[in-house]
Structures are given as C-alpha cells and as structure tokens.
Protein chains: 2
Amino acid sequence: MESRINRIKKQLHSRKYKLTPQREATVRVLLENEEDHLSAEDVYLLVKDKAPEIGLATVYRTLELLSELKVVDKINFGDGVSRYDLRQEGAAHFHHHLVCIECGAVDEIQEDLLGDVEKVVERNWHFKIKDHRLTFHGICHRCVNKHTGVEQKEQHISR
Amino acid sequence: MESRINRIKKQLHSRKYKLTPQREATVRVLLENEEDHLSAEDVYLLVKDKAPEIGLATVYRTLELLSELKVVDKINFGDGVSRYDLRQEGAAHFHHHLVCIECGAVDEIQEDLLGDVEKVVERNWHFKIKDHRLTFHGICHRCVNKHTGVEQKEQHISR
DNA sequence: TGTCAAATTAGAATAATTATAATTTAAAAT
DNA sequence: ATTTTAAATTATAATTATTCTAATTTGACA
C-alpha cells in the first residue's frame, strides 16, 4: 500500500502537483475501499475520519485531479451521482461493470473483453479508440440463485 | 412519423397511460431530433415551441415514462446531464456510442457488436444480461483527418 | 352531466457540484 | 533563517439538475 501511494506521489510530482496531507488521506480511502464504487460524498465522509478538517470541495478537486492522472475513473450508473473507481495499476483501459437491476450490486470485470470489438470499430468507423466504458445491466449470480425461473421475467429497470 | 407516433400511443395505452398533448409534443421533438442526444432542458426548450404552456417537470416525467417503455434510453456521457436517446424500433438492446474527446461529437453504432462478449459474460460470471451500455472514447473520423500523426498523441480527456 | 383517477402546472425544495474570496502552506530563492 | 511566491485549502455562496408538492385541469366513462 505504501509503495502504491509512493508511485501515485511520483505521478503527481511529474505533473508538478503535490501530495498534500488531504490528497494523501483521500488516496488512502480509495485504496482501502478498492472494491467499492464511492461517490464524492462517500469519500468525503470516510476521509473525515483521517483528516477531520478537510472540505468537500477539496475532495471533489482531488478526485478530479486523480481522474486526470487516470488513477481513478469517474463513472455514473444512472442514479444521479458520479462514482470514482480506482483503475488497476498500469491498465490501459477502464474495466467493465456488472450492475444488478435487482439488488443494485456492482461487480467488476478486470479482463478486457473488447479487443476484437475495438478492432472492428477502428476499422469500420475510422475511430481512434482511447478508452471505453462497458456496463451490463442484468441479474447478478447471487440474485439468479435466489429466484425461480418465473419470477425472473418480471424484473425491470427503475430508479 | 405519424405511424411511429401511433405505435408509441399503443404502447402507452397497453400500460394504461394516455398520450396527452404534452406527451405527444415531447415525442415529436424526440423523433425530429433522432440524431441528437438531447438533455431534458434541451427537450424542454424545443417542446415549448409546440406547446408553450408545458412545464419542465412534465418533460422530465414524460422522459422518465418513455424510458420505462424503452422508447428512449437515458444516458450520461459524464458531463453532468442525463441525455435521452431514441431507441431503434424493436431493438432489444441499447445501441453503442462513439464520443470524440476532441470535438465532442457523439456518433451512434446501431449494430450490436456484443453478442460474443455477452455469451462469455453470461457463462463465466453467471450474470443474466438484460441490457448494456457501451461507449468508446477517442478521436472521430473527422478529427483524425484534420490531424498530423504527431498532434494526435497530445489529446487527453478533460471537462 | 357528474364523478374520479390520472396528468399537468407553477413553484418550492433538494441534492450534487462548482465557484469565490480569504487564508494557509510549503517549496524555492535569497 | 527569512522572504517570496504560487499552489492548495477552507468555508461558504452560488449554480445547476432534478424531484417533490399542492392545487388545478383534463378526459374517460357511469
């Protein structure tokens, strides 16, 4: 964990930014909650434990900065809040997500499944791909198991 | 166009909703701007020409309703606003998008390129897919042509 | 025609995010 | 060590998008 923070520190320095105590506390929260998809508000509340004097605006600014550096990705699952998701170190692309329309769980797929699709898109649409966002909406393995076949037909997306 | 509206009308009726004048005006705006990715505010301003007395809240409610019926899809490209995109009639899945990080253009891919990927996901993650969202970020064919090879390396995402 | 539920309206309220102005911090230069 | 300077932070205000509320209107149908 310390080494990971150090590498992020170097990334910041290489772009002439500093790793201030507030920024460090924010990064630690993200590392400690790598599995989750935290909103800025969520991060703020967690960071307050480490650095009670921090302001919400600073958290927003820090997350924005980390986005720029590709340390986190900003993503929106349609519930009106932006969420911030740590990118695997060195990953060229954002990972994929499985959003359960029943229980709301968000699972991650770290493998890149889009290699072939991207080749097709670049060739046929003459579009130079830099990154991608892929999210599947459906029923997660936990909820599938909870169900009989009949009930599964009645699901639909809602807010 | 009229027949398309009629079919939407039937869809509404089958769920016990009415096609009120406000709803019809909203649907017309969406049909007339099928290529675009309008925000609720955009739709509101356009609908006002047809039905000046309409309220913004009604537009939101109508768009929400059309989402439920899968006539439109609600999508967010990360700029803080939800946008509403007409679904091709009868399409089982949402279409894909190409977002240009340089000029901001959003192009559509109507073909479903995810068939194989979805099979893998359903099998390996035991996830029952109902729908998907796929967006590529990169440089569109128009901007690629504007550029020399060198300049292309300098692009990055910003807000 | 009267009744009733659904839909709409204007405007208030809420929630997320960004901007502002004053203050603090910390590195670099003297 | 002190001064300088730019960057960063804070508290708070402002803005923007979206949803809620209460009162009113509409329209199908008994």
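Naming: A, B, ... by sequence-line order, numbering from 1 per chain.
- Atom OG in S39(A) sits 12.0 Å away from atom CZ in F77(A) (nearest 0.5 Å).
- Between H132(B) and H96(B), the ring planes lie tilted relative to each other; the angle falls in the 30° to 60° range.
- V106(B) is connected to F94(B) through a chain of hydrophobic side-chain contacts under 4.5 Å among Ile, Leu, Val, Met, Phe, Trp and Tyr, so both are in one cluster.
- Taking all atoms of both residues into account, the shortest heavy-atom contact from H137(A) to T135(A) is NE2-CG2, 3.8 Å.
- Nucleic acid contact for S39(B): none, since no nucleic acid atom lies under 4.0 Å from a heavy atom of the residue.
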>> So if I define the base as every atom that isn't primed, P, OP1 or OP2, how would nucleotides 4-14 of chain D read as a B/S/- string at a heavy-atom cutoff under 4.0 Å?
In response: ----SBBS---

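- A distance of 14.5 Å separates CG of D49(B) from CZ of R28(B), quoted to the nearest 0.5 Å.
- Separating the CD atom of E41(B) from the P atom of dT15(D) is a distance of 15 Å, rounded to the nearest angstrom.
- Nucleotide dA6(C) holds its P atom 14 Å from the NE2 atom of H13(B), rounded to whole Å.
- The distance between atom OH of Y60(B) and atom C1' of dA15(C), rounded to the nearest whole Å, is 12 Å.
- Put simply, CG on D79(A) is 18 Å from P on dA17(D), counting in whole angstrom units.
- Here the CG-CD1 distance, from L98(A) to I109(A), works out to 4.0 Å after rounding to the nearest 0.5 Å.
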